Amino acid sequence: MDSFDITASALTAQRLRMDAISSNLANVNTTRRPDGSVGAYRRKNVVFAPILEQAGNQFGLPVGRDSGGPGLAMRPAKNGLSIGPSGSPLITASISHAEFAGAGVQVTQITDDAQTPMRMVYDPQHPDANKDGYVEMPNVNVVTEMVDMISASRAYEANVTALQSVKGMNQAAMEI
């Protein structure tokens, strides 16, 4: 995988992160599900993982990524790397970080945030209020989302700068 692919994978991952943040901010006051039933929006999290192509090639396996679907998936394990169907590793091997570093990043999943509690707001006039007058509001904190957005923006900018540097080096090499 060359520098352009690595940078492109990071740009794609950060764009997906920004999409999730945008969705969280857009639904900060949503108290209904898409089907119209009562239920507050849950914050979305984007999970990143390194692309492990070099490590997979050491086992003679086709390159696979943990997409959560059927087939083999590679993911970092406590003592190196695990390879197997999603959720049940078949092989766990000791591979140093340097052996699979530098292949890029991928978004493995977009999950609902079940750790952060939902906000309960007293508003007996709200159409979605329970019998006690409380409305379950989304677990989206605007300040947290803004911090995440700035972080994603800075990471995106850093990757664009890296891409421009690689492009400049390639152009300089062509002039030799």
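Predicted, not measured: the structure shown is a model, and the values here were computed from it. Computed over heavy atoms, backbone and side chain alike; hydrogens, waters and symmetry mates excluded.
Both I110 and V105 are members of a single hydrophobic cluster when ILVMFWY side chains are connected at heavy-atom separations under 4.5 Å. Cluster membership for Y41 and Y134, using ILVMFWY side-chain heavy atoms within less than 4.5 angstrom, is not shared. When the side chains of ILVMFWY residues are joined at heavy-atom separations under 4.5 Å, either directly or via intervening members, V28 and M149 end up in a single hydrophobic cluster. Hydrophobic clustering (side-chain heavy atoms under 4.5 Å, transitive across Ile, Leu, Val, Met, Phe, Trp, Tyr) groups Y156 together with L163.
Partner K44 forms a side-chain hydrogen bond (donor to acceptor under 3.5 Å, both in side chains) with one of T111, D19, D112, N27 and no other, that one being D112.
The minimum heavy-atom distance linking N159 with A10 is given by the pair OD1-CB, 3.3 Å. Contact detail for A20 and V46: the closest heavy-atom pair is CB-CG2, 3.5 Å. When all heavy atoms are compared, the tightest approach of M118 to P138 is CE-CA, 4.0 Å.
Not a single donor-acceptor pair under 3.5 Å links the side chain of S9 to the backbone N or O of Q106. The backbone N or O of M18 lies less than 3.5 Å from a partner atom in the side chain of S22, making a donor-acceptor pair. For the pair D113 (side chain) and T116 (backbone), a donor-acceptor distance under 3.5 Å is present. A donor-acceptor pair under 3.5 Å links the side-chain atoms of R33 to the main chain of V38, judged by distance alone.
V121 has its side chain out of reach of H126: every pair of non-hydrogen atoms, C-beta onward, lies at least 4.5 Å apart. Between L25 and V142, the closest side-chain pair of non-hydrogen atoms falls below 4.5 Å. By the 4.5 Å heavy-atom criterion applied to side chains, E136 and T31 are not counted as neighbours. Proximity of N141 to R119: side-chain heavy atoms (C-beta onward) are nowhere separated by under 4.5 Å.
Residues meeting the salt bridge (charged side-chain N to carboxylate O under 4.0 Å, His left out) test with R154, sequence neighbours left out: E157.
Enclosure of atom CZ in F48 by more than 12 non-hydrogen atoms of other residues, nucleotides or ligands within 6.0 angstrom is indicated.
Between the OG atom of S151 and the CD1 atom of I21 there is a distance of 7.5 Å, given to the nearest 0.5 Å. With values rounded to the nearest 0.5 angstrom, R17 atom CZ is found 5.5 Å from D148 atom CG. The distance from the CE atom of M137 to the CG atom of N29 is 4.5 Å, given to the nearest 0.5 Å. Taking CG of N24 as the reference point, atom OG1 of T30 lies at 10.5 Å (rounded to 0.5 Å).
Contacts classified as side chain to side chain donor-acceptor pair (under 3.5 Å) and involving residues 160-174 (residues at least two apart or in different chains) are not found.
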Inset, instruction - Run the numbers on Y122 and D132 for side-chain hydrogen bond (donor to acceptor under 3.5 Å, both in side chains), then give the verdict. - result: CA-CA 8 Å; Y122 183 72; D132 298 326; over 6 Å; no

Inset, instruction - Could you go through the side-chain contact (heavy atoms from CB on, under 4.5 Å) check for R43 and T144 one step at a time? - result: CA-CA 11 Å; R43 179 176 186 264; T144 301; 3.9 Å; yes

